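Have a look at the structure that comes next, please.
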Amino acid sequence: RKRVAVLISGRGSNMTALIEAARADGYPAEIALVVSNVPGAGGLEKAASEGIETTTVDHRGRGSRQAFEEELDRTIRAKDIDLICLAGFMRILTPWFIERWHDRILNIHPALLPSFKGLDTHARALAEGCLIHGATVHFVRSEMDAGPIIVQGAVPVMDGDDAVTLAARVLTVEHKIYPQALALVASERTSVEGMRVRTGVEGSNDFRSL
Ligand code: GAR
């Protein structure tokens, strides 16, 4: 089983979905560590209550972004981690860190990439009149919210939606696709060719595009 570090900044509902999925027999990854860059983030307590080791690497009060990332890297390597899942981790990582973990960092983004990179994705999808919206799990590259797509999940936009109701609908699909994407990567069934992720698993499109 691959050892996974989940990086969070907030409530950690995607982290919880990964922890729960990883408990299933035969799941190819275990959540070995949860790291928050925000002291007291809600997800830390939740992870600890699930018996997962947690730690905080505060990005504040460090000399530079690189000093923060060196500490993050040390903390993760000390636990023999194979893969990193960003789950509501609201810090941009530099090319230095991302290259050290090439094709071993996954991120979940609350939109159907490459549409709506960045923040406020639900309000922007509504403002654009989108009828379909969703979430994407992708490998991290140094360009923000870009990188080979592993799994996407779509939801309808309803007439009465606001950003809150739409976010909630997207979140339910996030909790499905993140464990599926991690399972694919952890079982070494993905290969990356440019921006395309291939699996060689027959029928995998049934769950790679929900
Ligand atoms: C999720 O909706 C995730 O997709 C989003 O933040 C939320 C975190 O919720 N991530 C980003 O916006 C990354 N830029 P969670 O802490 O409950 O998983």
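Order of listing sets the numbers, starting from 1, for every ligand and every atom in it. Values in this document were obtained by computation on a predicted structure and should not be read as measured data.
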(request) Identify, by atom number and element, the atoms of ligand 1 in contact range of Glu174, meaning under 4.0 Å from any of its heavy atoms. (result) 1 (C), 2 (O), 3 (C), 4 (O)
(request) Classify the side-chain pair Gln152/Ser209 by whether it contains a donor and acceptor separated by less than 3.5 Å. (result) no
(request) Check ring-ring contact (aromatic ring centres under 6.0 Å, His included) between His138 and all other residues, then give those that pass, not counting sequence neighbours. (result) none
(message) Can you check which of Ser9, Ala111, Ala135, Gly12 brings a heavy atom nearest to atom 16 (O) of ligand 1?
(response) Gly12
(message) Using modelled atom types and a 3.5 Å cut-off, is there a donor and acceptor pairing between side-chain atoms of Arg1 and backbone atoms of Ala22?
(response) yes
(message) For the residue pair His109 / Thr121, report whether a side-chain donor-acceptor contact shorter than 3.5 Å exists.
(response) no
(message) Applying side chain to side chain donor-acceptor pair (under 3.5 Å), can you list everything that pairs with Glu45, at least two apart in sequence or on another chain?
(response) none
(request) List the closest protein heavy-atom neighbour of atom 12 (O) of ligand 1: residue, atom name, distance to the nearest 0.1 Å. (result) Pro110 CD, 3.6 Å
(request) Note the single closest protein heavy atom to atom 6 (O) of ligand 1, along with its residue, its atom name and the distance in Å. (result) Gly88 CA, 3.9 Å
(request) Would you check whether Ile108 reaches within less than 4.0 Å of ligand 1, judged by its heavy atoms? (result) yes
(request) Return the residue, atom name and 0.1 Å-rounded distance of the protein heavy atom closest to atom 9 (O) of ligand 1. (result) Arg11 NH2, 3.2 Å
(message) If we ignore hydrogens and angles and just use 3.5 Å, is the side chain of Arg3 paired with the main-chain N or O of Leu33 as donor and acceptor?
(response) no
(request) Heavy-atom contacts with Ser13 under 4.0 Å: which atoms of ligand 1 show up? List them by number with element. (result) 15 (P), 16 (O), 17 (O), 18 (O)
(request) Could you check atom 13 (C) of ligand 1 against the protein and tell me its nearest heavy-atom contact, residue, atom and distance included? (result) Met90 SD, 3.8 Å
